[in-house]
Amino acid sequence: MFKKIFTFVFLVSFCFSQENILNKKDKAEVAKIEQNIIQEKQEEALKLEEERKLQELEEQKAKELNMKNLAQINSLLQRIASIDLELRDNILLKRYSNYLSYSKISTELEILKDGLKKKTNTTDEQIYQLHNKIRVKENELELIDEYRGSPIGALINPPDIEKYENITNPFGIINALSHIKKLENNKKQFKNLDIQIDSLVTKLDEELVLYLELFNLEPKAEYKDKITFLDKQKKDFSMVLDIVSTSEEVYTRKIEQVILEIKNQISQQIQKMFVIFLIILVLFVISFLVKLALKKYFSQNENYYMINKIINFTLVFLVVMVVLFSYIDNVSYLVTILGFASAGIAIALKDWFMSIFGWMVIVTSGSIQVGDRIKVTKGGVETVGDVLDISLFKITIREDITLTSYMVNRRSGRIFFIPNNYIFSELISNYTHSGLRTVWDGIDITITFDSNHKKAQKIARDILKHYSKGYTDITRKQLSKMRNKYQLRATGVEPRVFTFVESHGIVISSWYLTNSYAALVLRSTISPEILDAFMKEDDIHIAYPTQQININKTENAYGPASKPRPVPKDLEDEIIRR
């Protein structure tokens, strides 16, 4: 029993001691655990602080990254806008839009046609509307048909090389040079097209890269669509570039070949012109030598002039023949052209043809020759001069001082050009025709009614015979020669004096033969001689416009003028005295 009590007490004591031991250990462990918990909380607080700091750092980095991306995006957009501005007026892109329109319209047309085939139980009105829509689409396609299969339309094909005819004359050289310039321009334009397409492809590739970078920074649907469109556009223009580059090489070689052929023809034509020029030069030299040789045997007279004209005409004829037979392969072709053109030429150049016919008449008939003195009347204008030249179209005369110059023109020394066709319609007087070098000239002097007109007539005739005797003999010989060619009846060559009764007196008209080229000189010599001779006579009085009033009755019908009076020393003194 005691043993059990002892055992119980021992056990209680043991348990109590163990409990104390355990309490001490638990407290130590609890303290350790608390210390660990505090340490863990401190570590956790430090960790949270580090995480907060890391988060703030990441947020700051993200903010900086967003700002950097935004700046990059803006830069990319600016570069894209710059490229779009450069390509805004690009003709190739505008043509490409027509190409897209053609593809779109073609697709819509196919859909309408398929819809028309598949539709059933449709009314006539619906069918009619579908047909109208199909017709409209077909018309639209017809307007832009050149863009079928070509993103740039007809520009993809090089310009046609026109066939050039062979150069057969010098004027063809000008056309050939113009054709060469045109071919060079076509080649340059097509080469520029190749350069433009290459530049456009480069720009499109650059814009595509920019959009890809932009999409990576900011993935948007619109950027993706633009990337898809640019990629297709770039592929299409790359295909066009390959075609145009190949065509440009072939086209350039072909144009260079054509230009080389044309230049060879030009070279041949220049050589031909040089040969013709040498032939013409030889003809001119021969003509000059012939004229020089003939000049030793002929003086400067009509014969030399006519021979000179014949040589010139022959030279011109030979030159024309050389040119015609050098540049016209088929003479019948020239005849045909002239036959068709003769009617129009005859109307348009009527005066020229008439002048040529007039020249033929003048030359063959000999009515006018170089050196002749002629008088021309046209439109109220009169001129007397010497013929300097008779060309194919005109007569050239030099005006001399004559009675016409004195009484009508009041000027002289001018050069007149008379068209040859005037001989058919106008009056042309020849003072020296057929070697006749003299003409009749007349001087009229009026005397009073109470003058001795018979004596005046005799005095005038004697003076005329004295001064015109030499011209009378020359004319007599010339008229004898002219009888072989013309029928001459009145061949009197002696001076003639006529008396006419006029209202203011008696006119003594004195006519005499004088030199055709110096009629005015002899006239100015004879006139004062007759005047002086008349004034020396007491019964011959010069009449001039006067007025007389009779106050006293007189039986003298002629008034005081009939009374004898002394002869004045000078007519001018007499006029002043009266």
Side-chain angles (χ1 to χ4, degrees), residues 167-174 266-335 337-338 349 352-374 385-400 413 415-421 423 430 432-437 481 485 516-517:
I167 304 173
T168 57
N169 54 71
F171 298 102
I173 295 177
I174 300 175
I266 292 175
S267 177
Q268 294 174 3
Q269 195 61 224
I270 292 175
Q271 293 177 3
K272 186 177 180 180
M273 289 172 57
F274 181 73
V275 172
I276 295 172
F277 175 76
L278 288 180
I279 295 173
I280 294 175
L281 183 62
V282 170
L283 291 175
F284 272 98
V285 171
I286 294 174
S287 172
F288 175 76
L289 294 177
V290 171
K291 289 181 182 180
L292 194 63
L294 292 176
K295 193 174 182 180
K296 297 179 180 179
Y297 300 98
F298 294 93
S299 59
Q300 295 293 336
N301 55 22
E302 294 83 355
N303 292 331
Y304 177 78
Y305 175 82
M306 185 57 65
I307 292 174
N308 189 39
K309 278 288 184 181
I310 292 172
I311 293 174
N312 291 338
F313 180 80
T314 304
L315 176 63
V316 173
F317 177 77
L318 291 176
V319 170
V320 171
M321 289 297 102
V322 168
V323 173
L324 284 179
F325 285 101
S326 298
Y327 291 107
I328 297 179
D329 299 330
N330 190 355
V331 180
S332 61
Y333 177 67
L334 175 62
V335 175
I337 293 176
L338 293 178
L349 305 177
W352 282 22
F353 277 106
M354 291 300 294
S355 294
I356 294 173
F357 292 144
W359 173 79
M360 295 174 62
V361 171
I362 293 171
V363 171
T364 56
S365 66
S367 58
I368 301 175
Q369 296 180 357
V370 174
D372 287 353
R373 171 155 290 195
I374 64 173
D386 302 329
V387 177
L388 300 178
D389 182 52
I390 302 175
S391 63
L392 195 62
F393 298 104
K394 63 182 180 298
I395 301 172
T396 304
I397 68 171
R398 182 179 181 273
E399 187 182 32
D400 197 5
I415 302 296
F416 281 84
F417 301 96
I418 306 164
N420 293 334
N421 61 342
I423 65 171
N430 194 340
T432 54
H433 178 61
S434 296
L436 192 64
R437 294 294 182 266
K481 294 179 181 180
K485 186 175 181 180
S516 304
Y517 299 97

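What's counted below: heavy atoms across the whole structure, side chains too, no hydrogens, waters or symmetry copies.
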Report summary line: Taking every heavy atom of Ser287 against every heavy atom of Ile311, the minimum-distance pair comes out as OG-CG2, 3.3 Å

**Report entry** Distance (rounded to the nearest 0.5 Å) between Ile395 CD1 and Ser355 OG
**Finding:** 9.5 Å

Query - Residue pair Arg398, Asp386: steps toward the salt bridge (Lys or Arg N to Asp or Glu O under 4.0 Å) verdict - result: CA-CA 5 Å; Arg398 182 179 181 273; Asp386 302 329; over 6 Å; no

Query - Euclidean distance, Leu315 CG relative to Ile286 CD1, rounded to 0.5 Å - result: 9.5 Å

Query raised in the report: How long is the gap from CZ on Phe417 to CG on Asp389, to the nearest 0.5 Å?
Result: 9.5 Å

Report task. Dump the intermediate steps for side-chain contact (heavy atoms from CB on, under 4.5 Å) on Leu388 and Val370, then the final yes or no. Result -> CA-CA 6 Å; Leu388 300 178; Val370 174; over 6 Å; no

Query raised in the report: So, do Thr396 and Phe416 sit near enough that their side-chain heavy atoms are less than 4.5 Å apart?
Result: no

Report task. Show your working on side-chain contact (heavy atoms from CB on, under 4.5 Å) between Trp359 and Ile390 and close with a plain yes or no. Result -> CA-CA 8 Å; Trp359 173 79; Ile390 302 175; 3.9 Å; yes

Requested in this report: Please test Val319 against Ile279 for side-chain contact (heavy atoms from CB on, under 4.5 Å), starting from the C-alpha separation and ending with a verdict.
Outcome: CA-CA 9 Å; Val319 170; Ile279 295 173; over 6 Å; no

Report task. Please round to the nearest 0.5 Å and tell me the distance separating atom CD1 of Ile280 and atom CE of Met273. Result -> 10.0 Å

Query - Gap between atom CD1 of Ile362 and atom CD of Gln369 - 0.5 Å precision - result: 11.0 Å

Query - Contact check, side chains of Tyr517 and Asp400, non-hydrogen atoms, under 4.5 Å - result: no

**Report entry** Criterion side-chain contact (heavy atoms from CB on, under 4.5 Å) on Lys291 and Asn312, from CA distance to verdict
**Finding:** CA-CA 10 Å; Lys291 289 181 182 180; Asn312 291 338; 2.4 Å; yes

Report summary line: Between the CZ atom in Arg373 and the CD1 atom in Ile368, the distance rounded to the nearest 0.5 Å is 14.5 Å

Query raised in the report: Is a side-chain N or O of Asn420 found less than 3.5 angstrom from the main chain of Ser391, in a donor-acceptor match?
Result: yes

**Report entry** Flag, side chain of Ser516 to backbone of Thr432, donor-acceptor distance under 3.5 Å
**Finding:** no

